[in-house]
Protein chains: 2
Amino acid sequence: MIGRYMKSTYKDVKSDLLSKITKGEWAPGDLIPNEVELATTYGCARATVNRAMRELADDGIIERRRKAGTRVRMTPVRQARFDISVVRDEITEKGGDYRYSLVSRTVDVAPDWLRARLQLPVDAKALHLVCMHYSDGVPYEHEDRWINLTALPDAADADFSNECPTEWLLATIPFSKAEINLSAELADQKLCDYLACSVGDPVFSVERSTWWEGDAVTYVRLSYRPGYRLTTRY
Amino acid sequence: MIGRYMKSTYKDVKSDLLSKITKGEWAPGDLIPNEVELATTYGCARATVNRAMRELADDGIIERRRKAGTRVRMTPVRQARFDISVVRDEITEKGGDYRYSLVSRTVDVAPDWLRARLQLPVDAKALHLVCMHYSDGVPYEHEDRWINLTALPDAADADFSNECPTEWLLATIPFSKAEINLSAELADQKLCDYLACSVGDPVFSVERSTWWEGDAVTYVRLSYRPGYRLTTRY
DNA sequence: TAGTGGTCTAGACCACAGG
DNA sequence: CTGTGGTCTAGACCACTAT
């Protein structure tokens, strides 16, 4: 047991505080002793307690306010994290054999719904790509992507027949802002042909709009083979 | 511009490093100067640089290894965080009027699939609850929940006719481990009756298994009204 | 205004892993 | 063995905000 005057690391402090909370010693809404008190309790510097509590706050376990002190959150752990990985990695990590295929590539004036979605000017040109990703030869993910050629003219010259646009984009604009939407959709005939499923099958769908340096860069809709699940733990 | 010998906060350092990365000054795989160098560059203490870089590492932007130094990650492992909130909050935050209703409540021997899923002993008793959540009187979410009575005998005495089991559980075992699965499903006749939709509609489904102090506590399957979307940004 | 968390510092020692 | 990040300290000042 960790008691008074025992030197503690920030991890010790963090896990001890957490166990006091999980065990119900401090209930939701309760006020936790302040940093100076805890520092004496745990026999460490205030900065050490601060780091432990800051991380608990980041994790959504506690709420901190100057002067008011630190309280256990009323509604705990509100966030689940999902890794947004590249399809290739997702498949190979599961031990599958990854294959990519470009279905079509056209340059068009951005359709109205896309212009609205990405706030593009009238007549904005966009590169429209349709691709498939296979795991062990079995359809895994259908990718329907639009790239804003005004913001990313280089995309017009890129060869997407061997490289998947996601990976090209990551190499080109590695760190961007994005908005993600998860939903359940129905497979239409066209999608079924690609995913080798039946019309009316439920399809897990991910939509992602991406901005870079304030400009809308790309919109993608990923449709997964029936049975796909996104999993996480906390 | 932030230059040499200007006092910087960890946020200054973090955002300057990040912009060097997003602007391509440092490409994926590149080695970043070490903490001591950056501290002189930014005119701050090493601890300040350390915090900035630690946060960038937590965010999946850079990779740090002792002796080897810090590099920009090859594949930015972006993590999307989704708010797993209580339905009541989710609905009221959108300005809806929340209503809860208990559909059924039975105590049963845990069915085989549940025992397998939660690793329960044979003959484990479970409380089976079916509930509905409405927004402005319109079906919003269907909740099908099992609570392990061996781990949580108190649940047998709880009154779920007015309090939703999620909220009761949060108050009882606030901080627990969970496994979450997101998927797309088809609505069957029974679900349709509850959600007021049509058989064959795609339904966004969340399954969550929860553990507390090593024991499986509850399994829940949430089915959302057609059209539901889970959204996040990064 | 006073109490609390937020941050910075200058220095120290340690842990790990590359060469 | 040595360079790097990981962590801790004791003290300081600042920034909020409840009262």
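Remember, predicted model here, so these are calculated numbers, not experimental data. Residue numbers start from 1 in every chain, and the chains themselves are labelled A, B, ... in the order their sequence lines are given, proteins ahead of strands.
- The salt bridge (charged side-chain N to carboxylate O under 4.0 Å, His left out) pairs that include a residue from residues 85-94 of chain A are A/Arg88-A/Glu167, where partners are two or more places apart or lie in different chains.
- Among residues at least two apart or in separate chains, salt bridge (charged side-chain N to carboxylate O under 4.0 Å, His left out) pairs with a member in residues 142-153 of chain B are B/Glu143-B/Arg145.
- Evaluation of the salt bridge (charged side-chain N to carboxylate O under 4.0 Å, His left out) test over residues 22-35 of chain B, restricted to residues two or more places apart or in two chains, returns B/Glu35-B/Arg46, B/Glu35-B/Arg64.
- In this structure, B/Lys14 pairs ionically with B/Asp59, as a charged nitrogen and a carboxylate oxygen lie closer than 4.0 Å.
- For DNA chain C, the contact window with chain B, defined by any atom under 4.0 Å from a protein heavy atom, covers C/dT7 to C/dG18 in 5' to 3' order.
- Applying the ring-ring contact (aromatic ring centres under 6.0 Å, His included) criterion to A/Tyr10, with sequence neighbours excluded, gives no partner residue.
- Residues passing the ring-ring contact (aromatic ring centres under 6.0 Å, His included) test with A/Tyr134: none are found, sequence neighbours excluded.
- Within a heavy-atom distance below 4.0 Å of DNA chain D, the residues of residues 62-71 of chain A found are A/Arg65, A/Arg66, A/Lys67, A/Ala68.
- Annotation: side chain to side chain donor-acceptor pair (under 3.5 Å) contacts of A/His142 (sequence neighbours excluded): none.
- Listed by chain and number, the residues in a side chain to side chain donor-acceptor pair (under 3.5 Å) with B/Glu63 amount to none (sequence neighbours excluded).
- Within 4.0 Å of B/Arg46, counting heavy atoms only, lies at least one base atom of the nucleic acid.
- Between B/Ala47 and B/Pro33, it is B/Pro33 whose nearest contact on DNA chain D lies nearer the 5' terminus.
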